[in-house]
Amino acid sequence: MRIYNTLTGKKEEFVPVEPGKVKMYACGVTVYDNCHIGHARSAVVFDVMRRYFKYKGYDFRYVRNFTDIDDKIINRAKQDGIAWNEVAEKYIDAYYRDMDTLGIGRADVEPKATEHIREIIDIVKGLVDKGHAYEAEGSVYFEVQKFSEYGKLSKRDLDDMLAGARVDVDERKKNPMDFALWKASKQGEPAWESPWGLGRPGWHIECSAMSLKHLGETFDIHGGGADLIFPHHENEIAQSEAYTGKPFVKYWVHNGFITVDKEKMSKSLGNFFTIQEILNKFDAEVIRFFLLSTHYRSPIEFSDEQLREAEASIDRYYTTVLRTRDFLSQDQSKDKTNPEEKNLEDLLTKFTEKFSAAMDDDFNTALAIGNIFELIRVVNKYLDGKPSGKKSSEMIAKTNDLIMETGSVLNIFNRTPEEWYRALMKVKNIGLSEEDIQMQINERKSAREAKDWAKADAVRKELEDKGIILEDKKDGTGWKVRV
RNA sequence: GGCGGCGUACCCAAGUGGCUAAGGGGGAGGUCUGCAAAACCUUUAUGCAGCGGUUCAAAUCCGCUCGCCGCCUCCA
């Protein structure tokens, strides 16, 4: 496997710290508001990495945190007139609601900052003892000048940063780039006892503390959005390595942003779409597919048009499943083949290999999806040749199995066509029940038998106006939701 | 200003030294069909922002130019 490592700026062969085991930490969210599609991207990307490592047979341990104490949470609490921990709880619930819907699995450990105050204090104390940090008016700062490798992740130089720095001038700091490990709390703010008085942890220290506790001093993969490279991950490296004296993380992986009109989607610009808003218009599988159809490090331009294309692609898949299922239910007593058989057979033989090759190359989900659609095209072509017999049913069944298997790594393509159409009916507000549709189909069937084409076409038109497309097949009429 | 990234067809998007430049969406024509739909076939990039260079060979490596974006402040 090759993974792009932000630290070295190259794709590298993945060699775990311990053979057969992978330990990954991904920065979760600060729980002060609803998640937007950008948060979903990060969550989906790391979820797929986890699924793929497990698919490859690794013993995988995944930690994803919640930042549940921070300025934004405190501000939100003031604004809403509730306690800070109620804010955190509320948005943790919202996070789970969204991520569960999107098919993002839970991490093995989901630690919260406030549950690791003891560990945080221990590290801060250790850093002070080692001379890497200093106390000033009840706060503790990390002294960046004392960590010679500061800037190695974000590839910047301390002097350059200071030159045009847009950093708050703070008289208590020895150097403007020094950052808070521990913050003295103001009156009325949440606070914990510490050797430096009442206070709360700085932002970066929690991830060092929680990863150290749950994954150890050195672990394999640490990830998050590309905007966390500096200062968050840079600071984590400084704290952790200064504290343990050991390398912190082997591979740093960062996902790209979602953009709107080419600009980064962000809270401050106000150009964001929440997961809930998008779920009102599109099914969760569509969102997932959309996010995985571009490589995780590239930017993705968000638009309804893009989501509609993703929806059409998924629909193509389920339409094919329906077709293979119809085929498998047919009489297979006669052996009949066609020239496409060889192509399909070859592709089936090397399909998982191609899938793995794509995923092994820095999790190229876009290519993997392309491979799946190649198989879909070949199987459709094969079915057009009207094959029959034991061998063809086996090949068709294998096709379905392989797509399900690889789809499960991406967590897409894992429903029945009926479930997909039901989901579409819901999201597109089709004002008809499945029974209504079946009744119309029956009515049209009588008309067709009587060769009353005008009547038959009228029924079809009526359904089409409501978003239901009919498909006449050899042994009956099927329906689907127009995408 | 410093650092980093991107620019592939009408749109989205893989490909990063050598087989006809994946795949999806859209358009046009066709096969099938009572007519449709779906599916399939043909077609839509002799060319990968532009210009030079390295090489037997480049979308892929190097240089320059243009354009877009990100980080440098909280941010997935």
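So that the names make sense, note that chain A is the first sequence line, chain B the second, and so on, each numbered from 1.
- Remark: A:K11 fails to qualify as a cation-pi partner of A:Y4 under the 6.0 Å distance and 45° angle criteria applied to the six-membered ring.
- Across B:U20 and B:U46, the matching C1' atoms stand 12 Å from one another, rounded to whole Å.
- Of the candidate nucleotides B:C12, B:C68, B:A14, B:C12 has the atom nearest to the side chain of A:Q306.
- One atom, CD1 of A:I314, and another, P of B:G25, lie 11 Å apart when rounded to the nearest Å.
- A salt bridge does not link A:K262 to A:E301: none of the charged side-chain nitrogens sits closer than 4.0 Å to a carboxylate oxygen.
- Nucleic acid contact class of A:G9 (heavy atoms, under 4.0 Å, all strands): none.
- Here the options are A:E285, A:R323, A:E418, the test is side-chain hydrogen bond (donor to acceptor under 3.5 Å, both in side chains), and the partner is A:Y318; only A:E285 passes.
- Ionic pairing of A:K173 and A:E143 is not present here: no N-O contact between side-chain nitrogen and carboxylate oxygen is shorter than 4.0 angstrom.
- Note on A:K381: only backbone sugar-phosphate atoms sit closer than 4.0 angstrom, heavy atoms only; bases stay farther off.
- Taking atom CG of residue A:D361 and atom P of nucleotide B:G15, one finds them 7 Å apart after rounding to whole Å.
- If you measure from atom CZ of A:F46 to atom C1' of B:A76, you get 9 Å, rounded to the nearest angstrom.
- B:A45: no Watson-Crick or G-U partner with both key distances under 3.5 Å is found in any strand.
- B:C6 sits 16 Å from B:G50 when the C1' atoms are compared, rounded to a whole Å.
- Sequence order on RNA chain B of the closest nucleotides to A:K155 and A:L367 puts A:K155 first from the 5' end.
- Taking atom OH of A:Y296 as the reference point, atom P of B:A13 lies 17 Å away to the nearest angstrom.
- Within the 4.5 Å cutoff, side-chain heavy atoms of A:L344 are placed close to those of A:L375.
- The partner of B:A9 cannot be assigned: no Watson-Crick or G-U wobble pair with both contacts below 3.5 Å exists in any strand.
- If you check B:A76, B:A13, B:A39 against the side chain of A:R323, the one that comes closest is B:A39.
- For RNA chain B, the neighbouring residues in residues 459-483 of chain A, judged by any heavy atom under 4.0 Å, are A:R460, A:I469, A:L470, A:E471, A:D472.
- For A:F257, the listed nucleotide lying nearest its side chain is B:G70; candidates were B:A14, B:G70, B:G34.
- The partner of B:U16, taking Watson-Crick or G-U wobble pairs whose two distances both stay under 3.5 Å, does not exist in any strand shown.
- Only the P atoms considered, B:C68 is 44 Å distant from B:G30, to the nearest whole Å.
- If you take CD of A:E305 and P of B:G24, they are 17 Å apart, rounded to a whole angstrom.
- The aromatic rings of A:H233 and A:W252 sit tilted relative to each other, their planes meeting at an angle between 30° and 60°.
- Pairing partner, B:A21: none, since no Watson-Crick or wobble contact has both distances short of 3.5 Å.
- For the pair A:S154 and A:S293, nearest-nucleotide mapping onto RNA chain B gives the more 5' position to A:S154.
- At least one side-chain nitrogen or oxygen of A:S298 sits closer than 4.0 Å to the OP1 or OP2 atom of B:A14.
- With hydrogens and angles disregarded, a donor-acceptor distance shorter than 3.5 Å links the side chain of A:E13 to the backbone of A:M1.
- Among the heavy atoms of the strands, none lies under 4.0 Å from A:H232.
- Residue-level contact check: A:R377 touches the backbone only, with heavy atoms under 4.0 Å from sugar-phosphate atoms and none from bases.
- Straight-line distance between the P atoms of B:C64 and B:C3: roughly 13 Å, to the nearest whole Å.
- A salt bridge is absent between A:K152 and A:D157; no separation between the charged side-chain nitrogens and carboxylate oxygens falls under 4.0 Å.
- When distances are taken from the side chain of A:D227 to each of B:A14, B:G2, B:A76, the shortest belongs to B:A76.
- Across B:A21 and B:A58, the matching C1' atoms stand 13 Å from one another, rounded to whole Å.
- Put simply, the side chain of A:R482 never gets that close to the backbone of A:I468: no donor and acceptor are under 3.5 Å apart.
- Counting to the nearest Å, the C1' atom of B:C69 and the CZ atom of A:R297 are 16 Å from each other.
- At a cut-off of 3.5 angstrom, the base of B:G24 holds at least one donor-acceptor pair with the side chain of A:E309.
- If you check residues 100-112 of chain A against RNA chain B, you find no residue with a heavy atom closer than 4.0 Å.
- Side-chain N/O atoms of A:N380 include one lying less than 4.0 angstrom from OP1 or OP2 on B:C40.
- Ring-plane geometry between A:F142 and A:F147 is classed as perpendicular, the angle between the planes exceeding 60 degrees on a 0 to 90 degree scale with a lower cut at 30.
- At B:G24, one or more side-chain N or O atoms of A:R316 fall inside 4.0 Å of OP1 or OP2 (strictly under the cut-off).
- Note that A:R2 lies outside the cation-pi zone of A:F14, set by a 6.0 Å cut-off to the ring centre and a 45° limit from the axis.
- B:G70 is paired with B:C3 under the Watson-Crick or G-U wobble criterion, all donor-acceptor distances under 3.5 Å.
- Comparing B:G63 with B:G23, their C1' atoms sit 34 Å apart, to the nearest whole Å.
- The ring of A:F257 has its center no closer than 6.0 angstrom to the ring center of A:F302.
- Judged by Watson-Crick or G-U wobble contacts below 3.5 Å, the nucleotide B:U55 has no partner.
- Among the heavy atoms of the strands lying under 4.0 Å from A:G38 is at least one base atom, whether or not backbone atoms are also near.
- Under the Watson-Crick or G-U wobble criterion, with both distances below 3.5 Å, B:C35 is left unpaired in every strand shown.
- Here A:W453 packs flat against the base of B:G34; its ring centre is closer than 5.5 angstrom to the base's six-membered ring, tilted by less than 30 degrees.
- When each of B:G34, B:C72, B:G70 is scored by its nearest atom to the side-chain atoms of A:E263, the top-ranked nucleotide is B:G70.
- In this structure, A:F282 has its ring center at least 6.0 angstrom away from the ring center of A:F290.
- Within the 4.0 angstrom heavy-atom criterion, base atoms lie near A:I258.
- The interatomic distance linking A:E301 (CD) with B:G25 (C1') rounds to 16 Å, in whole Å.
- B:A13 and B:G4 have their C1' atoms separated by 23 Å, given to the nearest Å.
- Atom name P, nucleotides B:C11 and B:A45: the rounded distance is 12 Å, in whole Å.
- Of the candidates B:A76, B:G23, B:A38, B:A76 carries the atom nearest the A:K264 side chain, counting heavy atoms from C-beta on.
- Figure legend. B:C40 is base-paired to B:G30; pairs are counted as Watson-Crick or G-U wobble with both atom distances under 3.5 Å.
- Of the candidates B:G23, B:A38, B:C71, the closest approach to any side-chain atom of A:R156 belongs to B:C71.
- In this structure a side-chain-to-backbone donor-acceptor pair under 3.5 Å is missing from A:Y91 to A:D68.
- Remark: P of B:A37 and CZ of A:R444 are 12 Å apart, rounded to the nearest angstrom.
- At a threshold of 4.0 angstrom between heavy atoms, the contacts of A:R64 with the nucleic acid are absent.
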